[in-house]
Amino acid sequence: MELKVNFGGYMEDQARDFVPARFGRSLLSATAGMAVAGLLALPHSAAAGGSPTVPVLNWQPCTPALAGFDCATAKVPLDYSAPQGQTINLGLIRHKATDQANRIGSLFWNAGGPGAAGTVFLPIVLTLPATGSPVLFPEALHERFDIISWDPRGIGAPPNGSNTTSVQCFGSPQEEADYEAKLPAGVPVTPEQRQAWIDGWAYIAQTCANSSSAYLLSHVSTADTARDLDLLRQAVGDAQLTYQGNSYGTFLGTVYANLFPDKVRAMMFLGNVDPTAWTNDGDDNPTLDVALRQNAEQGTAKTLDAFLSFCGQSSVDQCAFSAGSPAATRAKWRSLAQRLLTTPVIVGDVTYNYDLVVTTVVDSIYQVPGWPTLANTLEALWEGSMDPSRYPSNEPSVQGQQVVQVLAVKCAEAPNPHDPDAYYGLADLATKRAGIVGPYWVWLDEQCAAWRATATDQYTGPWNHPTANPILLINNTVDPATPYSEAITLSESLANARLLTIRGYGHADGGDPSTCANTYVSDYFINLALPPKGAVCRQDNAPFITNSAASSDEKASASAP
């Protein structure tokens, strides 16, 4: 799977395309794939041998646009088998604890992906309205921890002072976006679209192999990043790591916990990934692609069904696409999808056909606050409305990732079939397992079919090394990218973990706060206290019902532990 970052359109425009940790989902269109990237930081030479040098972090205020944040650059080994050899740069960003007198230490955050640049996303998340970062950073954590994120190796290089060594396969992000604009904008459906998709992503793989970043492609694994994270922990002076990871970030945390089990102080994973499915147990000849191994398509289908059910139970004022009942609303969606196969709706220069609308739907169900906007869009398509205000904006927005950077991490270590013809059968299988939305995930993974770079440093288990302290896992029961079943699997794989269940919807935090979960999260990070076994929380808001509109009974059940 791969990440896109999208809070569902319910917040500021500059954060519109951030989905905390969409695990493994590549961006599909040129506008979605645009990232503002800097120049490649070339590695430095040094004598090989010895142990890696702990970076010295010279924290300085970030750009004026990032007031209240400090930035720094860390030098880490390109190749940990030659720890005193070439080095690369990692950009970091920090928000200092507001209660320095009672500061506990540093809390490192990975936004997911792979491919999320922390120097872009941390300022967005920490400056959201109260409903914008539900389980991510309760206020108590702002007070007691320096909250730090970083651009993982190969990722980012955004325009905020970071000079992270990043994968750049094209001459510029715009050149990359221009090329991707020639590819199908959504899930490829026709034979012509599918062949164009296969050929187009094969060309990108070859371009990366021939680029100035080729030396980097075998050194951007999750294990490499976990080793970087341990150096960063030492650089800030913490004896043990305090960490939060979203989606793909849960896999990074799992790798760290098993490479450095004695260094675990507190680790919270949100939207969990089954590590055996991600790595295929180290076998590079899989039958299924990584998304089907993770059951992502089934999570997406279940979330879409929840969206349609809640919509059907709501009035048209709450959900414009409602047909008066869940069954009728599901039938309306199937009818709309079938119609769009032959009769697309054109808005300006955008053709909303079947493949693009399926992609739009999958993107939009990630965050519950974006569900009403999705309903408006589907109803406009149903009516054949030509009013552009009722459709999602097609304007590019600032991104903290580029497609090639996502692929650089995923394709080199998460095995997918190399034969492009295999994906036709996998798409059929995904349709049988998940209906209309199933093939979406399969064709994302096909982007890796022609990729030939392989990570030299991979960790493929075991996953049960006893950690110094227990790990807290949190998952929504209905998650479109990291299904609840994967959280159960991970909790059983780790030696020392506790699963907190949120009866709720959406990926990772789902964009919907849970007062109950916030309380547990704060107590865990500050006091190292776990929720009771079997603890269950609810999101504060029911879909299509705002907190102010929710009944007192709904509020009580949502916030009670």
Worksheet item: Between atom CG of D289 and atom CD of Q447, what is the distance when rounded to the nearest 0.5 Å?
Response: 11.5 Å
Response to the item:
For P470 and Y524 the tightest heavy-atom approach is O-OH, 2.7 Å
Worksheet item: Of all heavy-atom pairs between D445 and Y423, which one has the smallest distance, and what is that distance?
Response: O-OH, 3.7 Å
Discussion item. Between N280 (side chain only) and N285 (backbone N and O only), is there a donor and an acceptor less than 3.5 Å apart?
Written reply: no
Worksheet entry | Pairwise side-chain contact, T222 with Y248, heavy-atom cut-off 4.5 Å (strictly under) | yes
Worksheet entry | Residue pair L499 / Y484, side-chain heavy-atom distance below 4.5 Å | yes
Worksheet item: When you check the gap from the basic side-chain N to the acidic O, do K96 and D146 get nearer than 4.0 Å?
Response: no
Discussion item. In the structure I gave you, are the side-chain heavy atoms of L216 and V220 within less than 4.5 Å of one another anywhere?
Written reply: yes
Fill in: Donor-acceptor under 3.5 Å (T119 side chain, L92 main chain)
no
Discussion item. Pairing donors with acceptors under 3.5 angstrom, does anything connect the side chains of E486 and N295?
Written reply: yes
Discussion item. Is any side-chain heavy atom of D523 closer than 4.5 Å to one of T519?
Written reply: no
Discussion item. Under 3.5 Å, is there a donor on one side chain and an acceptor on the other for W441 and Q294?
Written reply: no
Discussion item. Measuring from atom OG1 of T242 to atom CZ of F108, what distance do you get when rounded to the nearest 0.5 angstrom?
Written reply: 9.0 Å
Worksheet entry | Short side-chain donor-acceptor distance under 3.5 Å, Q168 and Q402 | yes
Worksheet item: Ignoring hydrogens and geometry, is there a side-chain-to-backbone donor-acceptor pair from N416 to A449 under 3.5 Å?
Response: no
Worksheet item: Can the positive tip of R94 be found less than 6.0 Å from the middle of the six-membered ring of W59, inside 45° of the ring normal?
Response: yes
Practice prompt. For T165 and N89, indicate whether the former's side chain and the latter's backbone hold a donor-acceptor pair under 3.5 Å.
Written response: yes
Item to complete: Working to the nearest 0.5 Å, report the span between CG of L472 and OG of S491.
Response: 11.5 Å
Worksheet entry | Side chains of N272 and T482 in contact at under 4.5 Å (non-hydrogen atoms) | no
Discussion item. For the OG1 atom of T73 and the CD1 atom of I88, what is their distance to the nearest 0.5 Å?
Written reply: 12.0 Å
Item to complete: Let me see the working for L270 and N475 under side-chain contact (heavy atoms from CB on, under 4.5 Å), right down to the final yes or no.
Response: CA-CA 6 Å; L270 182 61; N475 223 94; over 6 Å; no
Practice prompt. Classify the side-chain pair D479/H507 by whether it contains a donor and acceptor separated by less than 3.5 Å.
Written response: yes
Worksheet item: Given side chains that start at C-beta, do those of L90 and D151 come closer than 4.5 Å, heavy atoms only?
Response: no
Response to the item:
The reported gap from CG in L217 to OG in S211 (rounded to nearest 0.5 angstrom) is 6.0 Å
Response to the item:
The side-chain contact (heavy atoms from CB on, under 4.5 Å) partners of N58 (sequence neighbours excluded) come to Q60
Fill in: Considering all heavy atoms, the nearest V406-G115 contact
CG2-CA, 4.1 Å
Worksheet item: Any idea which heavy atoms bring P61 and D70 closest together, and the distance?
Response: CA-OD1, 3.8 Å
Fill in: Test item: D281 side-chain N/O and D283 main-chain N/O as donor-acceptor pair under 3.5 Å
no
Discussion item. Between N527 and A529 (side chain of the first, backbone of the second, donor and acceptor by atom type, cut-off under 3.5 Å), is there such a pair?
Written reply: no
Worksheet entry | L241 vs L229, side-chain contact (heavy atoms from CB on, under 4.5 Å): CA-CA, chis, key distance, verdict | CA-CA 9 Å; L241 179 70; L229 180 56; 3.8 Å; yes
Worksheet item: Quick one: which of V236, L57, L232 gives a side chain to side chain contact (heavy atoms under 4.5 Å, CB included) with I148?
Response: V236
Worksheet item: Step by step, would you call I526 with L141 a side-chain contact (heavy atoms from CB on, under 4.5 Å)?
Response: CA-CA 8 Å; I526 294 171; L141 303 187; 4.3 Å; yes
Discussion item. Can you give me the closest heavy-atom contact between P123 and G118, atom names plus distance?
Written reply: CD-O, 3.9 Å
Item to complete: Just do the side-chain contact (heavy atoms from CB on, under 4.5 Å) check on Y243 and Y256 with the steps written out, would you?
Response: CA-CA 10 Å; Y243 171 86; Y256 181 96; over 6 Å; no
Worksheet item: Taking only residues at least two apart or on different chains, which pairs with a member in residues 225-242 satisfy salt bridge (charged side-chain N to carboxylate O under 4.0 Å, His left out)?
Response: R153-D228, R227-D457, D230-R233
Worksheet item: Would you say L122 and W150 make side-chain contact, with heavy atoms under 4.5 Å?
Response: no
Discussion item. Whether the side chain of H465 engages the backbone of A257 through a donor-acceptor N/O pair (distance < 3.5 Å, no angle test) should be reported.
Written reply: no
Worksheet item: Among pairs that include at least one residue of residues 241-260, which meet salt bridge (charged side-chain N to carboxylate O under 4.0 Å, His left out), considering only residues two or more places apart or in two chains?
Response: none
Worksheet item: Nearest 0.5 Å, what's the CH2-CD1 distance between W109 and I147?
Response: 10.0 Å
Worksheet item: Can you name the one residue among F269, Y459, W278 that meets ring pair (Phe, Tyr, Trp, His ring centres under 6.0 Å) with F251?
Response: W278
Practice prompt. Using atom types as modelled and distance alone, determine if a side-chain donor or acceptor of Q458 lies under 3.5 Å from a backbone N or O of A455.
Written response: yes
Worksheet item: Would Y179 and Y203 count as a ring pair (Phe, Tyr, Trp, His ring centres under 6.0 Å) if you check the C-alpha gap in whole Å, the side-chain angles of each, and the deciding distance to 0.1 Å?
Response: CA-CA 10 Å; Y179 179 79; Y203 174 83; 4.8 Å; yes
Item to complete: Would you confirm whether R293, through its side chain, and L288, through its main-chain N or O, come within 3.5 Å as a donor-acceptor pair?
Response: yes
Worksheet entry | Under 3.5 Å: donor-acceptor pair, side chain of S514, backbone of A517 | yes
Discussion item. Quick check on side chain to side chain contact (heavy atoms under 4.5 Å, CB included): which of N246, I502, T250 does I474 satisfy it with?
Written reply: I502
Discussion item. How close do A487 and L473 get, counting heavy atoms only, and between which atoms?
Written reply: O-CD1, 3.9 Å
Discussion item. Within the 4.5 Å heavy-atom criterion, are L66 and I93 side-chain neighbours or not?
Written reply: yes
Item to complete: Applying side-chain hydrogen bond (donor to acceptor under 3.5 Å, both in side chains), run through D224 and H219 and close with a yes or a no.
Response: CA-CA 7 Å; D224 285 320; H219 298 291; 4.7 Å; no
